[in-house]
Each structure stands twice: as C-alpha cells, then as structure tokens.
*Asks:* 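I am attaching a structure below and will ask some questions about it afterwards.
Bear in mind that the values here come from a model prediction, so they are computed numbers and not experimental data. The chains referred to below are lettered A, B, ... by the order of the sequence lines, with proteins before strands, and numbering in each begins at 1.
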Amino acid sequence: MDGLLPELEVIRKDFPILERTLAGGQRLVYLDSANTSQKPQVVIDTMVDHLERHNANIARAMHQLGAESTEAFEAARDKVAAFVKAPSRDEIVFTKNASEALNLVANTLAWKSPFQVGEGDEVVITEMEHHSNIVPWQLLTERTGATLRWFGLTDDGQLDLSDIDQLVTERTKVVSLTWVSNMLGTINPVAEIARRAKQVGALVVVDASQAAPQLPIDLGELSAAGVDVLVFTGHKVVGPTGIGVLWGRREVLEALPPFLGGGEMIATVRMERSTYAGIPHKFEAGTPPIVEAIGLGAAVDYLGHIGMDAIHRHEQAITAYALKGLQSVPGLTVLGPLDATQRGGAISFELEGVHPHDIAQVLDSRGIAVRAGHHCAKPAHARYGVQSSTRMSSYLYTTPAEIDALVEGLHHTRSYFKVG
Amino acid sequence: MDGLLPELEVIRKDFPILERTLAGGQRLVYLDSANTSQKPQVVIDTMVDHLERHNANIARAMHQLGAESTEAFEAARDKVAAFVKAPSRDEIVFTKNASEALNLVANTLAWKSPFQVGEGDEVVITEMEHHSNIVPWQLLTERTGATLRWFGLTDDGQLDLSDIDQLVTERTKVVSLTWVSNMLGTINPVAEIARRAKQVGALVVVDASQAAPQLPIDLGELSAAGVDVLVFTGHKVVGPTGIGVLWGRREVLEALPPFLGGGEMIATVRMERSTYAGIPHKFEAGTPPIVEAIGLGAAVDYLGHIGMDAIHRHEQAITAYALKGLQSVPGLTVLGPLDATQRGGAISFELEGVHPHDIAQVLDSRGIAVRAGHHCAKPAHARYGVQSSTRMSSYLYTTPAEIDALVEGLHHTRSYFKVG
Amino acid sequence: MSTDLDSLYQEIILDHYKNPHHAGLRAPFEAEVHHVNPTCGDEVTLRVHLDDGPDGRPVVVDVSYDALGCSISQASASVLTDLVIGRPVEEAMQTHEVFLELMQGKGQVEPDEDVLEDGIAFAGVAKFPARVKCALLSWMAWKDATAQALQSDPALQEEKS
Amino acid sequence: MSTDLDSLYQEIILDHYKNPHHAGLRAPFEAEVHHVNPTCGDEVTLRVHLDDGPDGRPVVVDVSYDALGCSISQASASVLTDLVIGRPVEEAMQTHEVFLELMQGKGQVEPDEDVLEDGIAFAGVAKFPARVKCALLSWMAWKDATAQALQSDPALQEEKS
Ligand SMILES: Cc1ncc(COP(=O)(O)O)c(C=O)c1O
Ligand SMILES: Cc1ncc(COP(=O)(O)O)c(C=O)c1O
C-alpha cells in the first residue's frame with residue numbers, strides 16, 4: 001500500500017501498549033487515537049528520568065536540580081515552538097489541555113483589554129466544533145451580552161461558507177473554529193477564513209487539537225493569514241495528559257489580561273496591587289505541569305523525527321483504506337467527507353439496526369477499541385439527525401491489518417445482532 | 001531523636017532521586033520540599049504502568065482500556081477523598097494545581113450565583129498568603145468593584161486577629177487563608193476563623209498546599225467548623241506535577257457557575273445553550289490530568305500507609321532540630337514562630353551580610369538544595385522588611401544528618417564570604 | 001470471548017430490545033422527565049401515572065416512555081415497566097433498590113429472580129462498568145418522575161405519609 | 001566543588017560587591033527605571049544622564065543606581081557603570097551586546113578583556129543559568145533607561161538618527 005510509514009513494524013515496537021492483550025487473550029487493536037493517542041517508550045522514559053533524577057520546581061529554584069528542571073522545561077517550550085514553527089518561543093504558553101487553552105482566551109475576553117467582548121459584539125464559531133470550542137464561547141457571550149453565531153454544515157460534511165458575508169461582519173469580535181473535525185474528519189480552510197475575519201478585525205482562534213497530530217503546522221504562514229491563537233492538546237500527539245499548548249500572537253498575548261493569578265505569573269505583588277510577568281509566564285500561574293511539558297517535548301521530538309509529512313501520508317493511506325473497507329459493510333453510512341485526501345483520520349459512521357454502544361461492545365470483545373457516542377460534538381450529530389455514532393481513528397502506528405480486523409468485526413456485529 | 005519515622009532509611013530507599021550525586025560527586029541533600037516534594041518509586045511505577053498498559057481517555061471510552069483508565073482515575077478520586085476525609089467523593093474536583101483551584105473559586109464568584117461578589121462586597125485574605133491566594137482575589141475584586149482586605153501579621157509571625165471584628169463583617173463575602181504558611185511556617189487557626197466567618201455568612205476558603213503534606217486533614221471536622229472550600233497541590237504530597245485538588249462543600253459546588261467549559265462537563269449541548277453535568281464533572285472540562293490523578297492516588301496511598309500522624313511527628317522532630325541548629329549560626333535570624341510544635345516544616349531565615357542567592361549558591365556547591373528568594377510571598381517579606389530570604393524545608397525523608405550538613409554549610413558560607 | 005459477550009447480551013435482553021413492552025408516551029400522567037446519559041447521548045423521556053391503591057397507598061398505574069439508546073438501555077426500560085406497573089409505589093421502589101444493587105455489584109451480586117424476574121438478565125451487565133449507566137438510565141428517570149409525581153399531588157403525598 | 005564556586009565568585013566580583021562604584025542615585029537624569037527579578041525579588045532603580053558628545057553624538061554622562069540584591073547583581077551594576085560612563089551611547093550599547101553574549105553563552109564564550117575589562121570576571125556566572133538573570137538585571141535596566149532617555153529628548157534623538 002502506498003504512503004504507509006516505511007518502518008511501521010519498528011514504530012509499533014516503540015509503543016509498549018500495543019503488545020497488550022485483553023480479555024480472552026485478544027490482541028489490542030487500538031482505533032481510538034482521536035480520543036487519545038498511545039505513548040512511545042521514549043516519552044515514558046523521559047518522564048521517568050525526570051522524576052527519578054531531576055525533579056525540582058522550576059524558575060524559582062536556584063540549586064542544581066532546579067536548574068536542570070528549569071532547563072528541561074524551557075527546552076520543551078523550544079521543541080514545541082519548533083514543532084509548530086512559532087514565530088517566537090515566548091508565544092508558546094503551556095496549559096493543562098486544549099480546553100483550558102480555549103477557555104483562557106474566552107474567559108479573558110470578558111475583561112478590559114483592546115479585545116474585550118461586550119454587548120452587541122458577536123462571536124462566530126461553527127456547528128462542527130468540539131464542546132470545548134462551543135461552551136467557552138457560550139459562557140462568554142451569555143455573561144457579556146454578546147451574541148454567539150455559527151457557520152452551519154453542508155450535507156456532505158463541509159462548512160457552509162455561503163453566508164460568510166452575513167456571519168462575519170463589523171460586529172464580529174472573534175472567529176473560532178476547528179482546523180480538523182474530530183467527528184466528521186473535515187479539514188477546514190482555516191487560512192482562508194482567517195483572512196476574511198481579519199478584514200473585519202476579528203480575533204481568529206484555531207482549535208488544532210485534531211490537526212496537530214496529523215498535519216505539519218506552520219505558524220509563520222498561519223499567522224500571516226491572520227490566525228491569532230492556535231491551541232492543541234498534548235495527549236493526542238503521543239504526549240502525556242495534563243499538558244496543552246496555546247500559541248498566541250505576541251501582541252494579542254501581551255494585550256489580554258491575566259487568566260489565572262498566582263505563583264510566577266507576576267512581576268511584583270503588593271497587597272493592594274500586582275504587576276505581571278511578560279509572556280509566556282504571565283499565563284502560567286502556579287507550578288506548571290513540569291514533567292508533562294517535558295514529556296510533550298519528547299513527544300513532538302519523536303513525531304518530528306519520523307516527520308509530520310510522512311505521518312500525514314500514512315494517515316491518508318490508512319484513511320483511504322478504511323473508507324473503502326467500511327463501505328463494504330452493508331447498512332454502514334460514513335458521516336463526513338468520503339475523499340481521504342480532503343479529511344483527517346477520524347471516521348464516524350452509523351450501522352443500520354445496531355446502536356453504537358452495541359457495535360463498540362462487540363468490537364471490544366474482539367480487542368478492537370473504537371469510540372461510541374457523540375464524541376463531544378452533539379451539535380454536529382444533531383445536524384445530521386443522529387444521536388450518536390461509532391468512530392474509528394487511526395494514527396502513525398495503525399496497520400492495514402487492523403483496519404481489516406475492524407471491517408471483519410463489523411460484519412460479525414451485524415450477524416451477532418441478526419441485522420440484514 | 002524522638003519522633004523520627006522509625007524506618008527512615010527504608011523510606012529513603014523509596015525515593016530514587018535521593019541516591020543522586022551532583023557536580024563534584026556531592027550527595028544530594030534535598031531541603032526544598034515545600035517547593036516541591038520528591039517522588040517515591042511507587043508513584044512513578046504506577047504512572048508508568050498506566051501509560052504502558054492502560055492508557056485511554058476516560059468516561060467517554062466504552063472499550064476495555066477505557067474502562068480500566070476510568071476506573072483507575074475514579075479510584076484516585078476515592079483515595080484523595082479518603083486522604084482528606086471528605087464527606088463525599090463527589091466533592092473532590094481535580095485541577096492542575098492549587099493555583100488553578102483557588103482561581104476556579106475566585107473566577108466563578110464574578111458571575112451570577114448565590115455567592116456572587118459585587119460592588120461593595122469585601123473579600124478578606126491575610127498578609128502571609130502565597131501569591132496564588134492573593135492575585136486571584138485581586139483580580140476578582142478589581143473586576144467586580146469589591147474591596148480586598150486582609151489580616152496583618154504580628155511581629156512573631158502570627159496572624160494578627162485583634163481587628164477581626166472590623167475585618168470580618170456583614171460585608172464580607174469570602175474569607176480565604178492559608179492553613180500553614182509556606183514562608184513563616186505558621187499554622188493558622190483555620191477552624192476558629194471559619195466559625196467567625198460563618199457568623200457573617202462568608203464563604204471560607206482554605207489553602208492547604210503546605211498543610212496537606214504535613215498534617216492529617218479531617219474535612220468532616222473542618223466543614224462542620226464552616227470551611228467551604230479546601231485546596232492543595234499534588235506535587236507537594238509526593239505526587240506528580242499537573243494535578244491539584246479542590247474540595248468543595250456540595251451545596252457550594254452545585255451553586256457555583258461553571259469555570260472552564262467543554263468536554264465532559266456538560267449534560268447536553270446545543271448551539272444555543274448547554275446544561276451542565278453534576279459535580280465533580282461540572283468542573284473538570286476537557287481531558288483531565290488522568291495519569292497525574294492516578295499518580296496522586298498512589299501518592300496519598302503511600303502517605304496514608306506511613307501515616308499522616310507519624311509524618312507530622314517526624315516533621316516536628318526535624319523542625320525542632322533544625323531550629324536549634326540554625327540558631328547556632330551567628331548572625332542568623334529565623335523568620336516566623338520559633339516553637340516547632342506550633343509551626344510547619346518550612347523555615348525561612350536571614351544571614352547577616354550574605355544575600356540569600358549567595359547562601360543558596362554556596363550550599364548548592366555542597367549538594368544542599370534550599371530555596372532563596374521571596375517564595376511567592378512578597379507581601380509577607382515586605383511586612384518583615386526583608387526583600388528575600390533563604391528557606392529550608394524538610395519532609396518525611398529528611399534526616400538529622402541532612403540538617404547537620406545544612407548548618408555546617410551555613411558556617412562555611414559565612415567564612416566563604418568573610419562575614420563575622 | 002463470545003461467552004462474555006453472551007453474558008451481556010442475553011436472549012432476554014435482545015428480546016426486550018426488539019419488542020419493548022409498554023413503549024410510547026401515554027396520558028394520563030402526573031410527571032414527565034427527560035434523562036440523558038451525557039457520555040453517549042442516550043436519552044429517555046418517561047411518564048409516570050400514579051393513583052391510590054385499594055389500601056389507600058399510591059400505586060404505579062402506568063409508566064410510558066420514549067427511549068433512544070442502545071440495546072441495554074432500551075431493554076432495561078422495557079423490563080422496568082414490567083416490574084413496576086401495577087405495583088404499590090413502595091414495593092416498586094424496593095425493586096428499584098434491588099436492581100440498583102445488582103448493577104453496582106461489579107458482577108459479584110447474585111440476582112433474585114423472585115424480585116427481578118426478567119431483570120436478572122442484567123446480571124451480566126454489571127461486569128461492564130461502561131454499560132451500567134445504560135442499564136440504569138430509565139430506572140433513574142422512573143425514580144425521579146415518581147418522586148415528582150408524589151410531590152406534585154398533595155393527595156398522593158398525604159396518603160403516603 | 002570549591003573550584004566551581006570560585007569561578008563564580010571571583011575576587012573582582014566580591015571586590016565590586018563590597019565596594020560598588022558609582023552607587024547611589026544622582027541628578028540630573030533624563031530617565032529612571034525600576035527593574036525587578038520576579039523570581040527572587042532583586043531590584044534596581046537606575047538613572048541615566050546623557051548629553052551631546054563633542055561629535056554631536058549622545059554620550060553616557062552618568063549612570064547612578066540603587067540596587068538591592070545578591071553579590072552578582074550588585075557587582076554587575078558596579079562594573080556596568082565603569083564600562084559605560086563617559087562612553088558614546090553607541091559604543092556602550094555594543095559593550096552591552098558583548099556582555100549579553102557572554103552571559104548567554106553557557107560558559108562557552110571566551111570573554112574579551114579589551115571590551116569588558118572587569119566584566120570578564122562574569123564569565124564564570126554564565127555557567128550558572130539561575131544566576132545569569134542576576135548579572136543581567138542592571139544591564140537590562142540601563143538599556144531600558146537609555147532607550148527612554150533617547151526617546152524623551154528630541155534633541156538627543158535627532159542627533160542619533
Ligand atoms: C501556601 C501555598 N499556596 C499555594 C501554592 C501554589 O501551589 P501550585 O504552585 O502547585 O499551584 C503553594 C506552592 O507553591 C503554596 O506553598
Ligand atoms: C477538536 C477537538 N478540540 C478540543 C478537544 C479537547 O481536548 P482536551 O480534552 O485535551 O482539552 C478535542 C479532544 O477531545 C478535540 O478533538
């Protein structure tokens with residue numbers, strides 16, 4: 001098969017969990033990577049080495065362990081900055097996950113700054129957002145008297161941009177959208193939309209939670225197009241939980257008021273009043289997720305070593321193969337675009353007569369892990385009139401044989417529930 | 001020496017970093033545990049086992065790995081609830097650190113709820129707070145038009161409660177204070193202050209970041225006294241970074257509006273409006289720090305196994321020994337109470353004629369790790385007219401011999417800088 | 001592997017799933033609730049109709065529902081109605097307790113067929129933590145609706161106390 | 001171990017620390033800044049007085065300061081004043097660059113005694129990442145103050161451009 005990672009079996013050996021057997025001696029077939037990715041040994045080892053040999057608090061400690069820990073933490077920031085080609089490493093803020101990063105922006109926009117959102121202002125999102133890119137904006141607009149608006153979706157799973165001129169207007173203060181949909185797999189034209197949003201002076205926020213694992217990111221280009229903020233989450237790029245990334249254009253981060261207060265985010269503190277540190281520290285209150293940032297550094301190094309272009313090609317090859325296999329199952333309908341070159345690697349589908357929970361359960365009894373439910377994208381499900389769906393999602397360690405196992409498992413599911 | 005942990009050498013073997021040698025072959029003498037504690041092997045191994053064998057996202061995943069991961073995560077909540085004797089496990093919310101927990105409360109109090117803080121309301125803190133329990137309240141009061149007030153300190157490092165009747169009044173909406181000071185070591189009478197605050201109907205928030213590592217916590221008792229919220233941070237109780245704990249009385253957590261939006265904190269999401277999940281999930285937006293919570297569970301189990309009473313006795317014994325040793329150094333002044341039974345194990349001091357940085361540097365060259373600076377407690381330093389101080393802080397693995405090394409190092413520091 | 005799956009998807013469950021009893025929404029009713037499983041989006045709208053029994057104590061006259069969900073959640077709604085319709089509220093609540101215990105027993109609780117009838121088929125579900133919520137969705141909705149019905153009707157409430 | 005420590009605390013540094021040159025705040029000045037090292041609380045208040053030099057280009061006539069901090073930060077303020085007072089701003093800025101490079105060189109940069117004079121004693125500091133900020137505190141303050149002085153004085157600015 002064209003496009004697969006050449007050393008796939010070697011790569012699989014990097015991921016200890018792939019050796020795992022489940023109930024009944026079944027080998028694990030992990031097809032839930034859009035939910036969270038598995039971790040290579042090097043990420044785990046880097047974290048262990050830190051905890052066993054270099055653990056100390058950062059910035060504040062003057063001793064050798066403190067210096068080592070600080071250096072490792074800040075080196076992780078450099079690695080992440082390089083991974084997304086950030087114009088400046090100071091523009092990389094560590095959060096606990098993508099959700100916190102999105103909330104950081106939405107929450108601070110309620111308070112005084114050149115970007116403050118108030119009565120009469122509008123925030124534009126899309127109907128295919130993950131809840132983490134919906135609820136923060138609902139909270140912001142409800143609390144400030146602003147209005148939330150959104151792009152709808154076309155029947156084939158694309159953003160409906162036909163009413164962009166009605167949606168993105170002089171009243172628009174923020175446009176926030178996902179780059180790659182975690183439900184439909186759709187890849188959105190973020191640069192194009194950013195350019196449009198910039199014409200009306202809106203702040204442009206991109207949720208790259210599903211893009212970062214799969215696509216090479218060039219923030220030089222994206223920021224030139226008008227993207228002001230981009231977020232992603234560590235645990236989906238083979239890093240640990242507890243760590244997320246917010247990139248923000250320097251002028252934006254400098255102008256936003258602080259989010260969380262405390263710890264090292266200050267310049268000076270008096271009881272009456274405090275002043276704040278420069279970016280990125282201004283947004284990193286308290287002891288940051290140190291070992292998690294260091295683990296994430298190892299993770300993006302690992303991905304960079306394999307090459308994001310190669311990973312993207314692999315994902316496309318597997319996705320194309322999966323789309324073909326899935327469509328061979330009678331009664332199966334894929335939600336979202338059918339052209340693998342135009343989409344990410346998460347494929348949600350319905351199987352007539354069998355509820356997603358029941359599909360997932362039968363697959364699980366064969367060792368195949370998929371996700372069933374609304375995938376934190378209830379509005380997108382509602383748009384297509386489905387209450388929940390089954391989702392398979394691959395990653396750099398996924399093999400065609402695993403897709404075969406899934407397809408076979410789906411045939412078996414149909415016969416188990418005696419449909420068709 | 002009375003009160004030391006009986007199996008101290010065995011306990012030390014649990015902490016791999018204590019075997020570490022530093023530049024020049026020096027053995028590590030780690031006296032910076034109030035900054036962050038070291039991690040026992042069992043915490044590291046638990047995290048590794050999770051990452052290598054059970055890693056999956058929680059709540060949302062229906063497969064075996066998902067069930068294992070969810071069970072481990074929720075079991076960690078049970079362990080933490082037991083560690084602090086929480087009235088209900090649902091009252092335990094996982095955050096990324098203590099700072100986020102404090103900000104969660106301060107931030108949500110700005111919005112509509114029975115506890116909302118507004119114009120004319122007052123928030124009372126103390127002059128010995130860590131920045132993380134100052135800045136969030138400054139942000140809240142500045143943004144809402146409320147007033148921030150605070151308890152001052154007595155010359156011997158205690159809270160000055162003489163004007164409590166002027167400070168805690170009908171206007172007081174929140175009283176937030178630290179249980180144990182990270183700079184002075186002072187143990188505050190939190191139950192007494194909580195009872196007083198309850199008389200005026202104020203919300204009582206306790207920062208237990210320095211208490212949780214050292215004192216047995218009984219939230220049954222504290223909540224009966226009127227404490228509504230208590231927070232601490234994982235990395236100071238031999239757990240990993242990236243995880244903090246917020247305990248809140250059920251009625252309070254239920255009444256507070258959501259903080260971060262997204263992920264599994266919802267009941268249902270429509271584009272127009274969302275409803276929220278019950279506690280604790282309402283406050284856990286996005287993928288939580290899963291492996292970190294599991295690590296914290298192992299950490300509190302470890303502490304519980306040794307026994308918090310025994311650890312407290314050990315800390316007191318070491319602290320008494322250290323206070324005596326430090327006072328043998330000419331020109332050394334301890335900041336804070338001098339009675340070990342009335343204080344925590346962090347001891348800040350000044351040494352005449354040598355700046356804290358320089359002290360820390362000389363000690364570091366002998367492998368001794370202490371903290372130098374303002375320890376995120378600038379106002380308390382200002383209160384005592386010092387710009388920065390040196391702080392030693394012990395923990396359950398600290399030996400009297402390490403205190404001897406510190407005292408010897410301080411004598412050496414004096415001679416190195418030719419003072420006295 | 002198939003054995004485990006078969007212990008979850010017992011014939012009884014699949015039968016109730018394919019042919020749910022008492023399905024649909026009917027009047028009269030004193031309370032209607034809408035419950036959602038936030039994780040998967042499964043939903044149930046459920047109505048309760050109570051009335052005084054011969055001894056003056058409230059009786060479950062009807063439970064009607066509209067459920068969207070997996071086989072386990074649909075079958076459990078069906079079994080629920082079989083077990084509670086026509087029973088005194090107090091007795092039905094006890095059955096609820098017994099079912100809850102079974103579900104939360106992690107597969108360690110021996111089901112009592114006299115009380116649970118077809119409900120014993122759910123014993124296997126208790127071994128699948130992720131599915132327990134599915135089985136409990138309509139039971140929780142019923143309890144909620146019944147409490148509301150008792151509260152909203154002072155007559156019923158008086159009788160009860 | 002002592003060797004390493006001695007490479008940090010060179011005699012020159014300790015001398016400047018005990019007897020700082022040009023200490024205290026003086027008038028006249030065109031700009032005053034207050035810089036803090038947020039980590040440790042070290043502070044410096046620093047004033048700059050510039051004037052036209054003989055060739056019309058601005059010259060650093062005086063730098064005065066009040067510093068609270070460790071030996072490294074105090075000594076570096078003292079050395080700074082020695083190196084920039086009396087020099088054309090442009091030349092002083094170049095010295096600033098050279099000192100910055102030395103400090104950020106992680107101990108790999110060979111110091112140039114012709115340019116840095118006593119400043120070469122700080123070569124050892126570059127090996128202690130936590131202390132680099134101490135050494136740079138007053139230098140950063142000076143750069144900031146000088147920029148402000150140039151900006152606030154149109155005459156000086158014109159000369160410069
Ligand atoms: C008393 C006190 N409160 C709050 C904190 C903040 O904890 P964290 O940095 O983990 O948020 C600390 C520790 O730094 C502390 O000592
Ligand atoms: C598109 C998208 N946005 C945001 C998130 C939230 O990420 P996290 O849960 O790590 O905050 C996810 C993943 O769950 C996602 O797929």
*Asks:* For A:H357 and B:M62, what are the C-alpha separation, side-chain angles and deciding distance, and is it a side chain to side chain contact (heavy atoms under 4.5 Å, CB included)?
*Replies:* CA-CA 7 Å; A:H357 272 188; B:M62 318 252 0; 3.1 Å; yes
*Asks:* Using non-hydrogen atoms only, which part of A:L260 is less than 4.5 Å away from chain B: side chain, backbone, both, or neither?
*Replies:* both
*Asks:* So which residue, B:T95, B:N133, B:T268, B:L148, ends up with the most heavy-atom pairs under 4.5 Å with chain A?
*Replies:* B:T268
*Asks:* Apply side chain to side chain contact (heavy atoms under 4.5 Å, CB included) to the pair A:T287 and B:T36, showing each step before the final yes or no.
*Replies:* CA-CA 9 Å; A:T287 301; B:T36 200; 5.7 Å; no
*Asks:* Of all of A:H375, A:R143, A:R53, which one pairs up most often with chain B through heavy atoms under 4.5 Å apart?
*Replies:* A:R143
*Asks:* Does any heavy atom of chain B fall under 4.5 Å from the side chain of A:A377, the backbone, both, or neither of them?
*Replies:* neither
*Asks:* Hey, which of B:W150, B:F259, B:W111 has the most heavy atom pairs under 4.5 Å with chain A?
*Replies:* B:W111
*Asks:* Select, from B:E292, B:R270, B:E272, B:R273, the one with the greatest count of heavy-atom pairs under 4.5 Å involving chain A.
*Replies:* B:E292
*Asks:* When heavy-atom pairs shorter than 4.5 Å are enumerated against chain A, which of B:E129, B:K112, B:E142 gives the highest number?
*Replies:* B:E142
*Asks:* Which residue out of A:P258, A:P240, A:G244 racks up the most heavy-atom pairs below 4.5 Å with chain B?
*Replies:* A:P258
*Asks:* Go through the atoms of A:Y30 and report whether side chain, backbone, both or neither lie under 4.5 Å from a heavy atom of chain B.
*Replies:* side chain
*Asks:* Please state whether the side chain, the backbone, both or neither of A:P356 comes within less than 4.5 Å of a heavy atom of chain B.
*Replies:* neither
*Asks:* Who wins among B:V269, B:I266, B:T141, B:L104 for the most heavy-atom pairs under 4.5 Å with chain A?
*Replies:* B:V269
*Asks:* Given heavy-atom pairs under 4.5 angstrom as the criterion, report whether the side chain, backbone, both or neither of A:E19 touches chain B.
*Replies:* neither
*Asks:* Please identify, among B:V43, B:V135, B:D364, the residue contributing the most non-hydrogen atom pairs under 4.5 Å to chain A.
*Replies:* B:D364
*Asks:* Supply the atom-to-atom distance B:E264 CD to A:S99 OG, rounded to the nearest 0.5 angstrom.
*Replies:* 10.0 Å
*Asks:* Please state whether the side chain, the backbone, both or neither of A:H54 comes within less than 4.5 Å of a heavy atom of chain B.
*Replies:* both
*Asks:* Measure from the side-chain N and O atoms of A:S132 to the backbone N and O of B:G263, and report whether any donor-acceptor pair falls under 3.5 Å.
*Replies:* yes
*Asks:* Which heavy atom of B:P289 sits nearest a heavy atom of A:T241, and at what distance?
*Replies:* C-OG1, 3.9 Å
*Asks:* Is A:I134 in contact with chain B via its backbone, its side chain, both, or neither, using a 4.5 Å heavy-atom distance?
*Replies:* side chain
*Asks:* Between B:A110 and chain A, which part of the residue has a heavy atom less than 4.5 Å away: side chain, backbone, both or neither?
*Replies:* side chain
*Asks:* What part of A:L18 is in contact with chain B, defined as an atom under 4.5 angstrom from a non-hydrogen atom: side chain, backbone, both or neither?
*Replies:* neither
*Asks:* Considering all heavy atoms of both residues, which atom of B:M271 and which atom of A:T126 are nearest to each other, and what is their separation?
*Replies:* CE-O, 3.4 Å
*Asks:* Distance-only, no hydrogens or angles: does the B:N57 side chain make a donor-acceptor pair with backbone N or O of A:N35 under 3.5 Å?
*Replies:* yes
*Asks:* Under 4.5 Å from any heavy atom of chain B, what part of A:N107 do you find: side chain, backbone, both or neither?
*Replies:* side chain
*Asks:* Out of A:N55, A:D45, A:N97, A:I125, return the one with the most heavy atom pairs under 4.5 angstrom to chain B.
*Replies:* A:N55
*Asks:* Which bit of A:L22 comes within less than 4.5 Å of chain B, counting heavy atoms only: side chain, backbone, both or neither?
*Replies:* both
*Asks:* Using non-hydrogen atoms only, which part of A:S37 is less than 4.5 Å away from chain B: side chain, backbone, both, or neither?
*Replies:* backbone
*Asks:* Kindly indicate whether the side chain of B:H63, heavy atoms from C-beta on, has any atom under 4.5 Å from the side chain of A:V370.
*Replies:* no
*Asks:* Minimum heavy-atom separation for A:Y276 to B:L139, with atom names?
*Replies:* OH-CD2, 3.4 Å
*Asks:* Given a strict heavy-atom distance threshold of 4.5 Å, which part of A:L28 is in contact with chain B: side chain, backbone, both, or neither?
*Replies:* side chain
*Asks:* Using heavy-atom distances under 4.5 Å, tell me whether A:A382 contacts chain B through its side chain, its backbone, both, or neither.
*Replies:* neither
*Asks:* How close do B:A267 and A:K378 get, heavy atom to heavy atom, and via which atoms?
*Replies:* O-NZ, 4.1 Å
*Asks:* From A:I44 CD1 over to B:M47 CE, what is the distance, rounded to the nearest 0.5 angstrom?
*Replies:* 10.5 Å
*Asks:* Testing the basics here: between B:Q138 and A:S274, what is the closest heavy-atom pair and its distance to 0.1 Å?
*Replies:* OE1-OG, 2.6 Å
*Asks:* Spell out, as yes or no, whether a donor-acceptor pair under 3.5 Å connects the side chain of B:Q64 to the backbone of A:A23.
*Replies:* yes
*Asks:* For chain B, find which of A:G261, A:P16, A:P257 contributes the most heavy-atom pairs closer than 4.5 angstrom.
*Replies:* A:G261
*Asks:* So which heavy atom on B:L51 is nearest to which on A:I17, and how close?
*Replies:* O-CD1, 4.4 Å
*Asks:* Could you have a look at A:P288, A:G373, A:G242 and say which one has the most heavy-atom pairs with chain B under 4.5 angstrom?
*Replies:* A:G242
*Asks:* Test B:E52 against every option in A:Q41, A:R20, A:K39 by the side-chain hydrogen bond (donor to acceptor under 3.5 Å, both in side chains) rule and name the one that passes.
*Replies:* A:Q41
